[in-house]
Amino acid sequence: QVQLVESGGGLVQAGGSLSLSCVASGRTFSSYAMGWFRQAPGKEREFVASINWSGDTVLYADSVKGRFTITRDNAKNTMYLQTANLKSEDTAVYYCAAHRRRFTATEQSDYDYWGQGIQVTVSS
């Protein structure tokens, strides 16, 4: 079992930035690929970014490409999402997720473990 806990969310003005973190329990963090998803009010949860087990392969949704950066530190069992130039449409609950296969993935069904989510609100 892997438990995931997100932190770093909050309220920010449009054009600002936030750094989200996801800490994983257990000793096998480095064997999991990780991802960030988000769910805006009234919308379905959507893919944001994914990173493979070693951190050398990343994927981004087109809507965040160039503004968000996903990284991981396997020694700290932690994944990060650095956001920049935030827009009102980035307002959502952000979830981190892990899956047992080592490669990046964009589908929710690929992921085995999920955090509780953290709110990010961008005011315009």
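Worth saying up front: this structure is predicted, and the values here are computed from it rather than measured.
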Check whether any side-chain heavy atom of [X] lies under 4.5 Å from a side-chain heavy atom of [Y], and answer yes or no.
X: Met79; Y: Ile51; answer: yes
X: Glu46; Y: Gln108; answer: no
X: Asn74; Y: Lys76; answer: no
X: Phe68; Y: Val48; answer: yes
X: Gln82; Y: Ser17; answer: yes
X: Trp53; Y: Arg101; answer: no
X: Leu20; Y: Tyr80; answer: no
X: Thr57; Y: Phe103; answer: no

Between atom [atom1] of [X] and atom [atom2] of [Y], what is the distance when rounded to the nearest 0.5 Å?
X: His99; Y: Trp114; atom1: NE2; atom2: CH2; result: 10.5 Å
X: Leu59; Y: Thr104; atom1: CG; atom2: OG1; result: 4.0 Å
X: Arg102; Y: Ser31; atom1: CZ; atom2: OG; result: 6.0 Å

- Task: Check the side chains of Thr91 and Glu89 for a donor-acceptor pair under 3.5 angstrom, ignoring hydrogens and angles.
- Result: no
- Task: Could you walk me through whether Asp90 and Thr83 pass side chain to side chain contact (heavy atoms under 4.5 Å, CB included), step by step?
- Result: CA-CA 10 Å; Asp90 294 317; Thr83 69; over 6 Å; no
- Query: Does Gln116 CD have over 12 foreign heavy atoms under 6.0 Å away?
  - Reply: no
- Identify the two heavy atoms, one from Arg72 and one from Ser54, that lie closest to each other, and give their separation to 0.1 Å. CD-C, 4.4 Å
- Task: Measure across Gln119 and Val93 and return the closest heavy-atom pair with its distance rounded to 0.1 Å.
- Result: OE1-CG2, 3.3 Å
- Establish, yes or no, whether a centroid distance under 6.0 Å links the rings of Trp36 and Phe47. no
Examine distances only and state if a side-chain atom of [X] and a backbone atom of [Y] form a donor-acceptor pair shorter than 3.5 Å.
X: Ser50; Y: Ala105; answer: yes
X: Ser25; Y: Gln3; answer: yes
X: Glu6; Y: Ile118; answer: no
X: Arg38; Y: Val120; answer: no
X: Asn52; Y: Asp56; answer: yes
X: Asn77; Y: Ala24; answer: yes

Does one hydrophobic cluster hold both [X] and [Y], with members joined at side-chain heavy-atom distances below 4.5 Å?
X: Tyr113; Y: Phe37; value: no
X: Tyr94; Y: Val2; value: yes
X: Val23; Y: Phe29; value: no
X: Leu86; Y: Val64; value: yes

- Task: Please name all residues satisfying side-chain contact (heavy atoms from CB on, under 4.5 Å) with Ala14, sequence neighbours left out, ordered by chain then number.
- Result: Val122
- Note on the structure: Sorted by chain and residue number, the side-chain contact (heavy atoms from CB on, under 4.5 Å) partners of Ser7 (sequence neighbours excluded) come out as Ser21
- Which residues pass the side chain to side chain donor-acceptor pair (under 3.5 Å) test with Asp62, sequence neighbours left out? Lys65
- Query: Hey, mind stepping through Arg45 and Tyr95 against side chain to side chain contact (heavy atoms under 4.5 Å, CB included) and telling me if it holds?
  - Reply: CA-CA 9 Å; Arg45 190 157 56 182; Tyr95 298 89; 3.5 Å; yes
- Residues Ile70, Tyr60; criterion side chain to side chain contact (heavy atoms under 4.5 Å, CB included); working and verdict: CA-CA 9 Å; Ile70 186 172; Tyr60 296 99; 3.5 Å; yes
- Item | Evaluation steps, side chain to side chain contact (heavy atoms under 4.5 Å, CB included), between Met34 and Cys22 | CA-CA 10 Å; Met34 302 291 294; Cys22 173; 4.2 Å; yes
